[in-house]
S.K.: 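Please see the structure below; I have some questions.
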Amino acid sequence: MDTTVKALDTNGPATAATLVATDLQPFLHDAVVTLYAPSFVISRPDGQLGGGADGFYHGDSRALSHLTVTAGSIALAPVVGGLRGADRADFRAILRGLGEVTPDPAVALNRRRTVASGRLEESFEVTNAGTQRVGFRLTVTAGTDLAPMERVKTGHAPDPVPAREEGGAGPEGSGLAWSRDGFAVRLVSEPAPDALEAPEGRLSFDVELAPGASWTATLRCTAAHADGDQFPAAPADAVPWRTPALRSADRRFDQWLDQSVADADRLRLADPRSAEGTGGVDQFLAAGAPWFLTLFGRDSLWAARMLLPLGTELAAGTLRTLARRQGAVADPATEEQPGKILHEVRRSTQNFNEAFAVPPVYYGTVDATPLWITLLHDSWRWGLAPEQVEQLLPHTESALAWIRDQAAEADDGFLRYVDRTGRGLANQGWKDSGDAIRHRDGRLADPPIALCEVQAYAYEAARGGAALLRAFGRPGADVWEEWAEGLATRFRKRFWVEDARGAYPAVALDRDGRPVDSVTSGFGHLLGTGLLNQEESAALAARLTGPDLDSGHGLRTLSSDSVGFNPYGYHIGSIWPHDTAIAVHGLVRAGFPDAAASLAAGLLTASAGFAGRLPELFAGHGAEAGPRPAPYPASCRPQAWAAASSVLVLRSALGLDADVPGGTVTVAPAFAGAYAPLTVAGLQVGGARLDIALAADGTVNTTAPEGLTVVSA
């Protein structure tokens, strides 16, 4: 039947359309995702691949859409299954009734999965623990549509591609192959199957097992684009950070950090242009699986910034990767402008529907440019080598010029956005779904739109840019500090509104300069940036901890008191871990650790509900609706800034900050006492190791690099 829904943009709903149910974005909430960027696998909880978004993917293309195992007429009863780290998973099932002489199961199937770049390995082990000899036919059925990612996401997957038999040497023998438009997939088995049927894609094995015996077959699937990977997997032995070891009184925190760092590791991609500049391999984090496993300016920048306590190498690679693609010309089709940092990069144009398409290199973002500057500034303070910082200062000056010019174009001097293509993102901040920016009464804001958090990003970028210019003897520092103060004055005059609970900043100004007066989580992005004074910060701290925003599992993106609030709304009521983590850090920076502790505790509770792998977002019902958060069914998981949030929360709890140029590292626990005794080993500042121990009585012991003074307050 027909259902009225929202057509999806690259990060959520965009424009209204009527779609049939088969055209809806697939749900992922019960999926098992194994990842090794730029490849990943999505399966059912029992390990089967078949239907919806299930499949083995490589480089934004689906290599397999089906990979199922059956045992003739014998029922497979799933027992347990799930992740083993980030790139591996195991699934166990019982072959019901086979070889059983008591109520106990006798024959079991263990399915082990490992994914690497361009490679999937599935091992099937059958064991007979019974007292009878058993025999059966095990059949693996494989198939694919070779669909591009945007077709999968919108539910418009093409028809299956028939398999063909392809010969091969060695014990694997013949296998199955599929190809189209330069994308080639091959599936082989060791041992070779007893029967191979193409184009049906069936591999059958006749299994005979004596009591106590076992049998194993391993399938290997490879996938490759003829022109290579746009962003290849980063070298496995070149992780650009120290891996921390956290042991706290709350094991949920330890699990969250461990899983998050493992996921971040497998989200690493490399810039193939690296050799042009540094002679090394620049790395960055892909935004998330499955929908965004590529370079995203905003997402990659925020993730690298959150991970700074583990080292500056990832930040440096992210900065350089984006700097190489910094806007150089004015191109209305891609929204490129001189000095602008891009939004995303894909292999080809993404055609979602007639009204919405995104070019391969798309610059439709208003916030990536100031976030790039701030990441460079923060990396410098955490110890990025001065010569690496200096190499990027010309890009900093270009980015600052873009901020200045864009603000100057607007009559009110604020940084604004509008989709000039007519087919791109209607909203171009992090809340980029088409219905995200709305007035309190539910009306959508008319563009050009000036977001409150973007003005905070611009303020922080101007101040940070000025600090860099001054430190490296380049002109303009005073001018940018004056510009920042002027922005703060304008913001205070134009953005602040009032309701029965007091004053607060509107989420945005609309086309006519009217405040878009909804109450949102955007408050958290303003705190600690310097844009607000202490009284204003206190007002926002009180707002953020109110029950309409603080759900008990994290911050709702839109107040539950607002017209149009929807706990399943992508940006109008859901909870985003990175959004809450940014607020936690901002509250600590602004001097409100108790408010930060409450939000952090909610995230920690939520993390346990997702086995330590927090998704991109989840539903905003809140703790009153139940102890576990409900998933947002189409959410990415893992996702870079959701994973990196665990490190930012840990940093906030410890009151950790660095000023390597000034010779100090600050450790002033804000709310870490809630998790004491706590030790974290293997952080990094100034290129050297940093260990912190917090005893139950509040005593702090820090082992800091030589040459850095530890500041406790």
Side-chain angles (χ1 to χ4, degrees), residues 11 26-43 45 53-58 60 81-89 113-117 120 149 153 231 233-234 236 239-241 243-244 252 254-269 283-296 298-300 302-304 306-307 310 314 318 554 574-581 603-604 606-618 629 631-650:
N11 272 334
F27 282 173
L28 305 169
H29 60 284
D30 60 345
V32 177
V33 181
T34 45
L35 170 78
Y36 198 123
S39 301
F40 61 92
V41 178
I42 301 174
S43 80
D54 286 3
F56 167 43
Y57 293 80
H58 179 71
D60 263 358
L83 292 173
R84 302 292 182 267
D87 56 3
R88 292 168 290 116
R113 173 174 303 145
T114 303
V115 63
S117 177
L120 165 65
M149 180 56 69
K153 186 179 182 187
F231 294 111
V239 179
W241 57 69
T243 299
R252 298 176 303 169
D254 306 352
Q255 181 190 16
W256 180 24
L257 185 71
D258 288 348
Q259 182 66 53
S260 296
V261 175
D263 286 336
D265 185 11
R266 289 299 179 243
L267 284 165
R268 290 185 296 126
L269 290 174
Q283 301 182 39
F284 62 91
L285 296 191
W291 314 125
F292 315 125
L293 204 66
T294 185
L295 176 64
F296 271 74
R298 175 192 310 117
D299 299 57
S300 299
W302 264 121
M306 291 176 174
L307 293 176
L310 310 188
L314 176 70
T318 303
S574 62
I575 298 163
W576 290 64
H578 88 283
D579 187 34
T580 301
L603 268 190
L604 190 57
S607 76
F610 292 102
R613 179 182 268 185
L614 274 174
E616 172 191 17
L617 71 157
F618 51 90
Y632 178 87
S635 176
C636 284
R637 184 168 174 253
Q639 206 256 8
W641 60 17
S645 294
S646 62
V647 177
L648 186 60
V649 170
L650 177 62

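Nothing here was measured: the structure is a model prediction, and the numbers come from that model.
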S.K.: Distance check, rounded to the nearest 0.5 Å: Leu295 atom CG versus Thr318 atom OG1?
M.R.: 8.0 Å
S.K.: Is there side-chain contact between Pro629 and Ile575, with heavy atoms separated by less than 4.5 Å?
M.R.: no
S.K.: So, does Ser635 use its side chain to make a donor-acceptor pair with the main chain of Leu617 at under 3.5 Å?
M.R.: yes
S.K.: With a 3.5 Å distance limit and no angle check, can you tell me whether Arg637 reaches the backbone of Phe610 through a side-chain donor-acceptor pair?
M.R.: yes
S.K.: Distance from Trp641 atom CH2 to Leu307 atom CG, nearest 0.5 Å?
M.R.: 13.5 Å
S.K.: Show the numbers, then the answer: is there a side-chain contact (heavy atoms from CB on, under 4.5 Å) between Arg268 and Leu285?
M.R.: CA-CA 5 Å; Arg268 290 185 296 126; Leu285 296 191; 3.8 Å; yes
S.K.: At their closest point, which heavy atom of Leu648 faces which heavy atom of Ala581, and how far apart are they?
M.R.: CD2-O, 3.5 Å
S.K.: With side chains defined as the heavy atoms from C-beta onward, is the minimum distance between Ile42 and Asp54 less than 4.5 Å?
M.R.: yes
S.K.: How many angstroms lie between CG in Leu614 and CG in Leu604, if you round to the nearest 0.5 Å?
M.R.: 9.0 Å
S.K.: Would a distance-only check, ignoring hydrogens and angles, find a side-chain to backbone donor-acceptor pair under 3.5 Å from Glu616 to Cys636?
M.R.: yes
S.K.: How long is the straight-line distance from CG of Asp299 back to CZ of Phe284, given to the nearest 0.5 Å?
M.R.: 11.5 Å
S.K.: Using every non-hydrogen atom in the two residues, find where Pro38 and Leu293 come nearest and quote the distance to one decimal.
M.R.: C-CD2, 3.7 Å
S.K.: Any chance you could lay out the side-chain contact (heavy atoms from CB on, under 4.5 Å) test for Trp302 and Arg298, step after step, and finish with the verdict?
M.R.: CA-CA 6 Å; Trp302 264 121; Arg298 175 192 310 117; 4.0 Å; yes
S.K.: If we only count heavy atoms from C-beta on, is the Val33 to Pro290 side-chain gap below 4.5 Å?
M.R.: no
S.K.: Specify the closest pair of heavy atoms between Ala233 and Ala37, including all atoms of both residues, with the distance to one decimal.
M.R.: CB-O, 3.2 Å
S.K.: Does any non-hydrogen side-chain atom of Gln639 lie less than 4.5 Å from one of Trp291?
M.R.: no
S.K.: Which value, rounded to the nearest 0.5 Å, describes the distance between Thr34 atom OG1 and Arg113 atom CZ?
M.R.: 5.5 Å
S.K.: Identify the two heavy atoms, one from Asp30 and one from Pro45, that lie closest to each other, and give their separation to 0.1 Å.
M.R.: O-CG, 3.0 Å
S.K.: Dump the intermediate steps for side-chain contact (heavy atoms from CB on, under 4.5 Å) on Trp241 and Val647, then the final yes or no.
M.R.: CA-CA 12 Å; Trp241 57 69; Val647 177; over 6 Å; no
S.K.: Could you measure the distance from the OG atom of Ser646 to the CG atom of Asp258? Nearest 0.5 Å is fine.
M.R.: 9.0 Å
S.K.: When you compare the side chain of Pro244 with that of Val261, does any pair of heavy atoms fall below 4.5 Å?
M.R.: yes
S.K.: Quick check: closest heavy atoms across Ala642 and Pro615, and the distance to 0.1 Å?
M.R.: CB-O, 3.4 Å
S.K.: Is a donor from one side chain sitting under 3.5 angstrom from an acceptor on the other, for Ser645 and His578?
M.R.: no
S.K.: Between Phe618 and Pro631, what is the shortest heavy-atom contact and its length?
M.R.: CB-CA, 4.2 Å
S.K.: Assess the residue pair Thr294 and Phe231 against the criterion (side-chain contact (heavy atoms from CB on, under 4.5 Å)); give the C-alpha distance rounded to whole Å, side-chain angles, the decisive distance to 0.1 Å, and a yes or no.
M.R.: CA-CA 7 Å; Thr294 185; Phe231 294 111; 3.8 Å; yes
